[in-house]
Each structure stands twice: as C-alpha cells, then as structure tokens.
There are 2 protein chains.
Amino acid sequence: MELDEAKLKFIHAWGTLGTKWGINRTMAQVHALLLVATQSLSASNIMEELNISRGNANMNLRALIDWGLVMKELKPGDRKEYFYAEKDIWKMSKLILVQRKKKELEPIMVVLKDLNNAVEGDGEDVKTFNTTIKDLNDFALHADKVVEKVVQSDINWLLETFLKQFLKS
Amino acid sequence: MELDEAKLKFIHAWGTLGTKWGINRTMAQVHALLLVATQSLSASNIMEELNISRGNANMNLRALIDWGLVMKELKPGDRKEYFYAEKDIWKMSKLILVQRKKKELEPIMVVLKDLNNAVEGDGEDVKTFNTTIKDLNDFALHADKVVEKVVQSDINWLLETFLKQFLKS
DNA sequence: CAGTACTTTCAAAATATTCTGAAACATACT
DNA sequence: AGTATGTTTCAGAATATTTTGAAAGTACTG
C-alpha cells in the first residue's frame, strides 16, 4: 500500500470510529491527521487536507489542545500557529482516560452521592432502592480509583506487575 | 427525601448521563426505571412512567435485552410481557463493558490490523507512520486483553488480588 | 375462523449535534 | 495610524439521531 493511501485510510477510519468514542468526526480526523504527520501543521494545512471550514478546524483544534492531545508551536519568522500531536500512545491514552472519567464518571458520582442514604424508612422498597444506589456508588468509587491510579502511576509498572502476572495469553 | 422523589431523580439523572455513555436517553431511563423497580414491569407500565411512545419503549427494551441488561418474564395467565433488570452491579458492569468493547475497540482493531506493516519502504515518513500504527495496535491488543480477562474471570478475585494490593488509598 | 390482546416495524416528525462562513477580534509590521 | 496576516466566535444551515404513532404482524382464545 502507498503511504498516502494508508494515511487517508487511517484518517478516515479514525474519524468514523471517533464518533463511537464520543468525540466528533472532525476532532478525531484532525487528531488522526496530526498523529501521522511528520511535521507540525497549520490550521490552513488541516482545513485543506480534511476539507473543512476554518471555524470547524479552529474549534476542534482548541478541543484537542484542551484535552492535551495536541500542542501548539510557533515557528520563528512565521505568524501562523502550527500544531502537532502527542505521539506517545500511552500518554495519549491516559489523557483520553482523564477526559472520559470527567465526562462519564464524575457526573454520575455526584448524583449517586446525593441519593446515597437520602431515603429513610424500612419498607422493602426503600431497602431495595438504597441497596441499588449503594452498589452503584461503590462501583463508581472503585472505577474512579482505578482510573486515577492508572493515570497517576507509572503505567509500565502497572502493566508489568499486573498484566504480565495475571493476564498472560 | 421521599422514595418516589428519589426514584424520579435517579431515573432523570441516569437518562441525562446515559447520553455521555453513548447510549440514548430513553434506553438509560428504561434501564434506570427497571433498576429501581421492585417488580417487573410491562411495556405499558414503562410507557406511562416515562411518557414515551410504544415504539420507543419497545425498541429500547429490545436493545437492553440485547445487551443482556434486561430480561423478559411471562406471568402465567397474562399475555403481557414483563421486564426486569439485572441488579447485580458487577454483572451489569461486565455486560456494559462487553458492549463497549464491541462498539469502541473492535472496529478500531480491524483497521489497525489492516494497516499494520501494510506500507513498505524505509523513508523517514514511512517508518514514522508504521511506528504509530504499531503502537496503536499494541495498545489496542493490550486493552482488549484486559477487558476480556476482566469479563471472563471472577471480578471479585481480580479486585481482591489486584486492587486491594496495589491501589489502596 | 374471527376476535382480542398484545408486540414489532418503519416512514415521517421532532430534536440534537455539528459545520460553515462571514464578521469581529488580535497582533505585528511599516 | 493603517494594513496585512493571522485567529476566534457564533447564528444559521446542514446533518445525524431519536421518537412517534399508526399499520402490520403474531399468537392465543373461544
């Protein structure tokens, strides 16, 4: 396969699949484009490459920068901004994990905490409700802790001690 | 707080938050309703409780059954179908994990496998591309294995041996 | 078989999300 | 200050997803 063909295929696929990850097609495509770029690209480069408007390019670049997945670079003697992606896949994954935790886990925890033991009484139905909320709450706390630890700690150490030990094919 | 108020709050919140988990509001609300129900409910009960149409109720119940989160029950002497949710939160989480893996991870793996080493040549740009794809591929394989093992194995054992050991607050 | 009680399907309507493009804004240079 | 070269914003347009509701389908009963 030719390099350009492969890159296009990758960018296109990443865009399609991005939607399943809760990020929009363009954001995923910009990310993909920068992931396989050998140099940093300007907003105009990206617009042209992906056939998108300036506004769209700008908004999604900002979002990617927000997530920490993309960085801005200024080249001396050039007023344009150039962009490049974090290429370390482990770092990238951690950054994505942090965002997903923020988006998917934290809002749920707020609600569960609020409902946990908020209903008093000892009818069967109250007990059932309280148990369900408590179970969900416990689970959310566990999940939160795992994510936090994975993000904080040395992922390689985690991998070596955990994966190699218990998850051997 | 009154039980009914708490239930409504939970159902409402679960619906809103469900969208962030890649499932639609109604599906999440039906799930929430069944999670906190003390008996199994008919389609009509659910329509009424959530103010949704018959078609919507039906489609989302099917989806929940597909995911394994909800089961159908037939009561003797009654032609209606009744529905109830899996209440074991660990089982529930595993079922959700399986679906998310299917939706989010597997399609990416197909693409990466296809692109892995598909480009030949030893230019700097080819090497960079191949490295990126390989890294992503390795990561996806790892993630896949982790999910698979978590789902297969006794989650409590995993928790006890791994979490309690290494992830203590 | 006809009637009843339910479930399923799916085209069209409603809703939500994303994208465009032009105007506003910012900054550096002459 | 004026001009050139960018970036950012956001209302409206385009697109995608979800929901409705009525018709079709299924299955049990007498």
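Chain naming here is simple, since letters A, B, ... match the order of the sequence lines and numbering starts at 1 in each.
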Which listed nucleotide ([options]) is nearest to the side chain of [X]?
X	options	result
B:D78	C:dT7, D:dT8, C:dC6	C:dC6
A:S53	C:dG21, D:dT8, D:dT19	C:dG21
A:A43	D:dT8, C:dC6, D:dT7	D:dT7

Open item on the list: Around atom CD of B:E73, are there more than 12 heavy atoms from other residues, nucleotides or ligands closer than 6.0 Å?
Closed with: yes

Kindly say if [X] contacts the phosphate of [N], meaning a side-chain N or O under 4.0 Å from OP1 or OP2.
X	N	result
B:T26	D:dT18	no
B:S44	C:dC6	no
B:N56	D:dT20	yes

TODO: Please step through side-chain hydrogen bond (donor to acceptor under 3.5 Å, both in side chains) for the pair B:S42 and B:N45, ending with a clear verdict.
DONE: CA-CA 5 Å; B:S42 70; B:N45 291 156; 3.2 Å; yes

Measure [atom1]/[X] against [atom2]/[N] and give the value in whole Å, please.
X	N	atom1	atom2	answer
B:N60	D:dT17	CG	P	15 Å
B:N58	D:dA23	CG	P	18 Å
A:I23	C:dC19	CD1	C1'	16 Å
B:M59	D:dT17	CE	P	14 Å
B:Y82	C:dT7	OH	P	9 Å
B:I46	C:dT7	CD1	C1'	13 Å
A:K103	C:dT17	NZ	P	11 Å
B:L41	C:dT7	CG	P	13 Å

TODO: Answer with yes or no whether B:R54 presents, from its side chain, a donor or acceptor under 3.5 Å of a partner atom in the base of C:dT7.
DONE: no

- [ ] Starting from the 5' end of DNA chain C, give me the residue, B:R25 or A:R79, whose nearest nucleotide shows up first.
- [x] B:R25

TODO: Please report the C-alpha distance between A:E148 and A:K102 in whole Å, then the side-chain angles of each, then the deciding distance to 0.1 Å, and finally whether the salt bridge (charged side-chain N to carboxylate O under 4.0 Å, His left out) criterion is met.
DONE: CA-CA 11 Å; A:E148 205 176 292; A:K102 198 180 290 178; over 6 Å; no

- [ ] Describe the nucleic acid contact of A:N24 in one word from base, sugar-phosphate, nothing, applying a heavy-atom distance below 4.0 Å.
- [x] sugar-phosphate

Task: Earlier contact from the 5' end, DNA chain D, for A:K80 and B:G55 - done: A:K80

- [ ] Let me see the working for B:K87 and A:D135 under salt bridge (charged side-chain N to carboxylate O under 4.0 Å, His left out), right down to the final yes or no.
- [x] CA-CA 9 Å; B:K87 299 227 181 176; A:D135 289 351; over 6 Å; no

TODO: Mark yes or no: A:K75 above the aromatic ring of A:Y82, with NZ or CZ under 6.0 Å from the six-membered ring centre and no more than 45 degrees from the axis.
DONE: yes

